Enquirer: 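Encoded as structure tokens, here's the structure I'll be asking about.
Side chains included, hydrogens not; waters and symmetry mates left out as well; all remaining heavy atoms used. So you know, we letter chains A, B, ... as the sequences are listed, proteins then strands, and number each from 1. Just so you know, these numbers come straight off a predicted model, no measurement behind them.
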Number of protein chains: 4
Amino acid sequence: MSTKINIMKAATELFAIKGYEGTTLKDIANAVGIKPPSIYAFFEGKEDVLLHIYQEILDEHHKHLQDMLEQLKNGYAKNKLYGLLVTAAEYHLSEAGKMKLFRRLMLFPPEILQSEITESFQKLVAIERQAINAVFEEAIRNKEVREGKSEDMTTAFQCLMNGLFLESQYYDEQEFYLRLDIIWEEYWMGISRKD
Amino acid sequence: MSTKINIMKAATELFAIKGYEGTTLKDIANAVGIKPPSIYAFFEGKEDVLLHIYQEILDEHHKHLQDMLEQLKNGYAKNKLYGLLVTAAEYHLSEAGKMKLFRRLMLFPPEILQSEITESFQKLVAIERQAINAVFEEAIRNKEVREGKSEDMTTAFQCLMNGLFLESQYYDEQEFYLRLDIIWEEYWMGISRKD
Amino acid sequence: MSTKINIMKAATELFAIKGYEGTTLKDIANAVGIKPPSIYAFFEGKEDVLLHIYQEILDEHHKHLQDMLEQLKNGYAKNKLYGLLVTAAEYHLSEAGKMKLFRRLMLFPPEILQSEITESFQKLVAIERQAINAVFEEAIRNKEVREGKSEDMTTAFQCLMNGLFLESQYYDEQEFYLRLDIIWEEYWMGISRKD
Amino acid sequence: MSTKINIMKAATELFAIKGYEGTTLKDIANAVGIKPPSIYAFFEGKEDVLLHIYQEILDEHHKHLQDMLEQLKNGYAKNKLYGLLVTAAEYHLSEAGKMKLFRRLMLFPPEILQSEITESFQKLVAIERQAINAVFEEAIRNKEVREGKSEDMTTAFQCLMNGLFLESQYYDEQEFYLRLDIIWEEYWMGISRKD
DNA sequence: AATGAATGAGAATTCATTCAT
DNA sequence: GATGAATGAATTCTCATTCAT
């Protein structure tokens, strides 16, 4: 029964690297050590494999989002936000294949998933945004960060996250963490209240 | 003779949206209003079309980089950096198809271009980095921005650029410019010297 | 499983008649009663079909060569040499398709097989030559044939064989055997010792 | 106007080496230094090129046959027959390309020429046969060669010629002439009258 | 659960040929 | 005469998929 899981693992990796159209069932079967028709014992077809993977990534992402939101509940904004970045970074790096595919699907969805992806993605971003916004609202109230519109701060922070997670693909783990810390320091220096 | 240009235009758009593997010569031919074999009068094959497009994008990018570097020569850091963002944004939006393909190729290069892209991309980033770094060095000296390591500021600024240009794909033009200004304001507030 | 054999049979016949380049996979598939893509379940492609056939022909040829060499071991030179011609003739006629292809490949190898064919062919000829030469050496010693250089006799006999097997393609079976006997008689009359 | 001749020369060579089906108009045009459509200024198409070449080869062959027949008129049979072989050999070697194509067309005619070739070829062989036969008839009468049926001697001699001219393709010029002389000596030793 | 055999659909590509220039 | 542009037809080959086993 672990064959199904192996198929999904292999397909995730391959879809991430070669894209949905660039990956053949033969590629996947080879990676698993089976023959292409065997995939049909577990999935309805190539599209179905992608759909299952996408659902899995989405589910995990939601779970991960819960973890992140949990993290945003108590403590100083500094710790919350930095924790958010680190948690997300760890997640992106530990699940490199899945996350690479996630980014690919978000940025360049294959036609079959286009609408579905756009929709679910916007939901994710909205949830994330709301949670981050709450952090800033509180931090402004607490005078932990400088005066300003929490909405704008959220926008900027999201941009930073986007930038970082694009970079997680360019740089190896060590270099990425170095950059993460530099970027965070620079960011926090600018947003924190100096007094 | 404009058929060659039309092929490249159509292919750029299609490669950007559907990917290299997801685009067929028939797709391209249909978009141009010719039949697939006619493409072979101008290119050696599908791969050659991509190669020519990639070269064109790279050339234009270099030209555009020169423009940007020019812009970074004189004036206040604030204007330079903001000008940089706006110029780049305008470029990305005015050449939406090319730039979408550029982003796709950088993030998810098809196997045939993998090594070539990685190499040329790193060169581009290095040139950009050096120019931005020079701006920060001067701005620190002039006390236009706060104290700090110019290298780290450059790292953070590059992350911001990366985030922005990933966002240029999610949001429509109007919303993107709104975000750009918000992000810039937030950023500059953090980096500039308050006195 | 006999489909593979059927493909090879059909391809042998077609390659022999229409040549490698003149034969399409569709021709072969039609002859077998399958569709062209099915060929790929058994061979890597058109070239691979030819390669397999060539190998088969070569293997059989070696086996046949062993039979012929066996025949050259005992008895009178007259019987040996005539037996050689008849055995070879029978082989060529019984495996008409294969042998026609063999001749075609030897005389007009397609580019893909050029070097491979030249090499393996020269080996075959050398083995044959050595065996025939031994027969003449012995026959000269035994005074079964006239005085002379065995090497030269071998050269002449090979020419005769070449001529005959080129003729096996021009004439139908009956006429060919008539010619074979005439040619043999004429030949033996000239080479044998008259006393 | 020499372009037409150049096309025929190039096509002859290419058809000989790669076969009719294996040769493209592009191959021919490249060899001439023109573009494929230019060929249509001189020929109706690919088939027409082959037809013209075939006609040319046939005409020359007839002319050459006349030369050979001329040679068979006076003198000793030994000189006539040896002269025949040498003249033919020289012809085959001096017009290597044409003769290779000739052999190819005779042995493996492309479908378009099948019937035409078979017919004209049999005529050639018959003329040749008649002339050679006359030589033997006279030589038997003159007691230049041993007793026997001139028809059978002709058959054997034709076989020798076939063998030789197949060999003209395997061996380089020098080696071929060596073999030619050996074969001739062996042959003549067998056929000539010893007294 | 797994696969060998087979295939329809369609991909890239080649090629002979046409035609306007 | 020569050729650039264009194409219909065909070729090799790939691929997702089906089905009997």
Enquirer: Take the protein atom CD1 of B/Ile7 and the nucleotide atom P of F/dA5, then report the distance between them rounded to whole Å.
Expert: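 In whole Å, F/dA5 P lies 10 Å from B/Ile7 CD1.
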Enquirer: Answer yes if the side chains of C/Asn6 and C/Thr3 hold a donor-acceptor pair under 3.5 Å, and no otherwise.
Expert: no
Enquirer: Tell me if the centroids of the rings in C/Phe102 and C/Tyr54 come within less than 6.0 Å of each other.
Expert: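 No, too far apart.
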Enquirer: Take C/Tyr20 and A/Tyr20, find for each the nucleotide of DNA chain F with the closest heavy atom, and name the residue whose nucleotide sits nearer the 5' end.
Expert: C/Tyr20
Enquirer: Side chain of D/Ala41: nearest nucleotide among F/dG1, E/dA2, E/dT13?
Expert: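 Among F/dG1, E/dA2, E/dT13, the one nearest the side chain of D/Ala41 is F/dG1.
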Enquirer: Checking base pairs now: Watson-Crick or wobble, both atom distances under 3.5 Å. What partners E/dT7?
Expert: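 Its partner is F/dA16.
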Enquirer: Rounded to the nearest angstrom, tell me the gap between atom CD in B/Glu44 and atom C1' in E/dT14.
Expert: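 Checked: the CD to C1' distance equals 14 Å.
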Enquirer: Can you tell me which nucleotide in E/dT3, E/dA9, F/dT17 comes closest to the side chain of A/Tyr40?
Expert: F/dT17
Enquirer: Using atom CZ of A/Phe42 as one end and atom P of E/dT3 as the other, report the distance to the nearest whole Å.
Expert: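 Computing the A/Phe42:CZ to E/dT3:P distance gives 10 Å.
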Enquirer: From the list F/dT11, E/dA16, F/dT18, which nucleotide is the closest neighbour of the side chain of D/Leu25?
Expert: E/dA16
Enquirer: Among the candidates F/dA6, F/dT3, F/dT7, find the nucleotide nearest to the side-chain atoms of D/Pro37.
Expert: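 Nucleotide nearest to D/Pro37's side chain: F/dT3.
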Enquirer: Could you give the CD-to-P distance, from D/Glu21 to E/dA16, as a whole number of Å?
Expert: 11 Å
Enquirer: Hey, is the side chain of D/Thr3 poking within less than 4.0 Å of OP1 or OP2 on F/dG1, counting only N and O atoms?
Expert: no
Enquirer: Assess whether a salt bridge exists between D/Glu56 and D/Lys98, defined as any Lys/Arg side-chain N lying under 4.0 Å from an Asp/Glu carboxylate O.
Expert: yes
Enquirer: Going from CG on B/Leu107 to CZ on A/Arg103, what distance comes out if it is rounded to the nearest 0.5 angstrom?
Expert: 8.0 Å
Enquirer: Can you measure A/Phe43 atom CZ to F/dT17 atom C1' for me and round it to whole angstrom units?
Expert: 16 Å
Enquirer: Between A/Ile34 (CD1) and E/dA1 (P), how many Å, whole number?
Expert: 12 Å
Enquirer: For B/Pro36 and for D/Glu47, locate the closest nucleotide of DNA chain E by heavy-atom distance; then report the residue assigned to the nucleotide nearer the 5' terminus.
Expert: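 Looking at the nearest nucleotide for each, B/Pro36 comes out on the 5' side.
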Enquirer: Take the protein atom CD1 of C/Ile28 and the nucleotide atom P of F/dT11, then report the distance between them rounded to whole Å.
Expert: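 About 12 Å, once rounded to whole Å.
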Enquirer: Is C/His64 reaching over with its side chain to a backbone N or O of C/Glu60, donor-acceptor style, under 3.5 angstrom?
Expert: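 No: the side chain of C/His64 does not pair with the backbone of C/Glu60.
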Enquirer: Students often get this wrong, so: under 4.0 angstrom with heavy atoms, is D/Ser38 touching a base, only sugar-phosphate, or nothing?
Expert: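 The residue D/Ser38 makes base contact.
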Enquirer: Nearest nucleotide by nearest heavy atom, which residue falls closer to the 5' end of DNA chain E, C/Lys35 or B/Thr24?
Expert: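 Between the two, 5'-proximity favours C/Lys35.
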Enquirer: Given atom CG of A/Asp27 and atom C1' of F/dT14, what is their separation to the nearest angstrom?
Expert: 11 Å
Enquirer: Within the pair D/Lys26 and E/dC15, is there a side-chain N or O less than 4.0 Å away from OP1 or OP2?
Expert: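 The answer is no; no side-chain N or O of D/Lys26 sits under 4.0 Å from OP1 or OP2.
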Enquirer: Applying a 3.5 Å limit to both distances, which nucleotide forms a Watson-Crick or G-U wobble pair with E/dA1?
Expert: none
